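To start, the structure under review is shown below, and the notes come after it.
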Number of protein chains: 2
Amino acid sequence: MTEDNHPSAGAKAYRAMKEMILDGRLKPSASYLETELADWIGVSRTPVREAALRLEREGLVKVRPRRGIQVLPVSAEDMNEIYQLLSALEPLAAQLAAEKGLDEATMAAMTEATERMETALEENDLVSWAEADDAFHALLVEASGNARLIEATARYRTQVHRARMATLTMRPTPQKSTEDHRALLDCLLNRDPEGARAVHYAHRCAAGEMLTELLSRHHLDNL
Amino acid sequence: MTEDNHPSAGAKAYRAMKEMILDGRLKPSASYLETELADWIGVSRTPVREAALRLEREGLVKVRPRRGIQVLPVSAEDMNEIYQLLSALEPLAAQLAAEKGLDEATMAAMTEATERMETALEENDLVSWAEADDAFHALLVEASGNARLIEATARYRTQVHRARMATLTMRPTPQKSTEDHRALLDCLLNRDPEGARAVHYAHRCAAGEMLTELLSRHHLDNL
DNA sequence: GTCGGAAATAATGTATGCATTAATGTGTAC
DNA sequence: GTACACATTAATGCATACATTATTTCCGAC
């Protein structure tokens with residue numbers, strides 16, 4: 001049957017389903033049966049069910065009794081909620097990271113991510129820019145050292161990713177955004193917690209407003 | 001408005017396990033087998049496993065392959081992490097609630113909770129005080145209208161509850177804390193988002209420092 | 001006597017079958 | 001013709017059986 005059983009089937013189902021949602025193979029608002037997904041992934045219903053429950057907790061799907069596992073569309077209102085949260089959480093991460101100080105590896109990685117954003121901006125390579133931006137934010141939260149904070153922000157990453165990708169070409173050139181990252185990095189290196197918090201809070205609020213405005217203006221309510 | 005009134009075995013297992021952790025029938029640091037819990041609750045392993053995975057996601061237990069489901073002790077460091085998060089999340093809730101304005105029912109309920117805190121303080125009834133305090137915070141977050149914010153804070157409620165109960169008799173009389181609530185309520189009624197945020201942020205920071213200091217001073221690392 | 005390896009045991013992870021339940025379609029009655 | 005009810009069908013939720021794997025114990029060799 002399944003010859004590829006080295007990683008656990010539960011993790012396989014989770015990753016497969018998440019990936020399928022992310023790349024659009026499972027369409028927003030559409031519903032899928034447990035059996036259907038199980039066949040498709042190559043595992044039984046149990047791990048699929050497990051994964052569905054987990055994805056439901058993460059807000060990506062809704063399991064509706066007898067009506068299938070529905071991929072939840074991300075609305076402008078959802079992104080507004082998420083950005084409100086991230087505008088509280090990430091500045092906290094920035095503050096904590098500045099208080100603790102960055103270790104060598106993190107410092108290098110964040111500097112590198114910032115430079116990648118700057119060069120991508122010059123070359124107008126928006127996809128590379130977004131990737132570097134994602135990496136920067138992930139590193140920042142990691143650097144806070146607060147495991148629960150890391151976990152909480154990770155939960156929203158895929159949804160933010162969907163929205164960001166959809167709006168990448170509509171948004172203005174991320175000049176200011178890139179400068180914000182450089183400014184935050186300076187605060188981190190100078191061990192200035194209050195500055196880091198303030199800079200990143202402003203950054204997040206601006207990003208959130210820009211994104212939700214874009215989404216509602218373009219009626220992107222089904223990401 | 002938790003509609004988890006299903007007679008389903010899954011919900012039953014979840015509630016039973018959470019309750020057993022909360023009231024100490026399942027002891028911190030101890031491990032329990034899936035079969036054991038299933039027999040004890042009166043369902044099969046499947047819903048127990050489901051509940052265990054959910055509780056692991058909530059940080060209450062850790063499922064360790066072949067070593068059972070371990071009830072995680074809450075350490076001073078854990079409470080520090082949680083209070084850092086809540087110090088970011090709840091002030092946001094206060095701000096959003098003040099921006100939106102409270103509906104009649106919420107306004108009444110929060111006013112009532114505040115009054116209960118005040119009378120409980122006069123009568124030195126710490127348990128009632130803590131209950132009213134919990135209710136106030138829950139109402140505040142609900143009033144933010146941000147579903148993800150509500151969900152995120154709910155996740156830490158049981159752990160905070162454990163720590164608060166353990167330290168209830170050690171802490172100084174919550175005079176200042178009660179006054180803070182009254183001040184926050186005024187900000188909410190006056191529709192003062194910035195004030196609400198600031199007042200509640202200060203409140204949360206103070207509460208967090210007090211609690212973690214108490215926990216580490218009394219070496220309460222196994223709640 | 002101690003260390004290493006192999007086998008047995010026990011607990012998890014997965015699959016499957018069964019029963020419950022909700023949804024839909026058809027038939028009959030008004 | 002429409003509405004309501006009953007029956008059929010199909011999908012989930014749960015339980016149980018099975019397979020996988022890790023841990024521990026025992027035996028043998030050095």
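Side-chain atoms are counted along with the backbone in the values below, which use heavy atoms only and exclude waters and symmetry mates. Note on naming: letters A, B, ... go to the chains in the order of the sequence lines (proteins, then strands), and numbering restarts at 1 for each one. In this text, all values refer to a predicted model and were calculated from it rather than measured experimentally.
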Suppose the criterion is salt bridge (charged side-chain N to carboxylate O under 4.0 Å, His left out): which pairs have a residue in residues 102-115 of chain B, not counting sequence neighbours?
B:E112-B:R116
With B:E19, which residues qualify under salt bridge (Lys or Arg N to Asp or Glu O under 4.0 Å), at least two apart?
B:R25
Using whole Å, what does the distance between atom C1' of nucleotide D:dT12 and atom CD of A:E36 come to?
14 Å
Can you name the salt bridge (Lys or Arg N to Asp or Glu O under 4.0 Å) partners of A:R54, sequence neighbours left out?
A:E58
Salt bridge (Lys or Arg N to Asp or Glu O under 4.0 Å) involving B:R162 - partner list, sequence neighbours excluded:
none
Under-4.0 Å side-chain N/O to phosphate OP1/OP2 contact, B:T46 with D:dC14
no
List, one per line, each side-chain donor-acceptor pair under 3.5 Å for residues 60-69 of chain A, sequence neighbours excluded.
none

ring-ring contact (aromatic ring centres under 6.0 Å, His included) partners of residues 126-149 of chain A, not counting sequence neighbours, each pair once:
A:F136-A:H181, A:H137-A:H181, A:H137-A:H200, A:H137-A:H203
Closest approach of A:E81 and B:G145, non-hydrogen atoms and distance?
OE2-O, 3.7 Å
Polar pairs (N or O, both sides) under 3.5 Å between protein and nucleotides 11-13 of chain C?
unit_1: C:dA11; atom_1: N3; unit_2: B:R66; atom_2: NH1; d: 2.6
unit_1: C:dT12; atom_1: O4'; unit_2: B:R66; atom_2: NH1; d: 3.1
unit_1: C:dT12; atom_1: O2; unit_2: B:R66; atom_2: NH1; d: 3.4
unit_1: C:dG13; atom_1: OP2; unit_2: B:R49; atom_2: NH1; d: 2.6
unit_1: C:dG13; atom_1: OP2; unit_2: B:R49; atom_2: NH2; d: 3.4
unit_1: C:dG13; atom_1: N7; unit_2: B:R45; atom_2: NH2; d: 2.7
unit_1: C:dG13; atom_1: O6; unit_2: B:R45; atom_2: NH1; d: 3.1

Degree of bending, the helix from C:dG1-D:dC30 to C:dC30-D:dG1 (end axes from five pairs; round to 10°)
0°
Residues passing the salt bridge (Lys or Arg N to Asp or Glu O under 4.0 Å) test with A:E213, sequence neighbours excluded, are A:R217
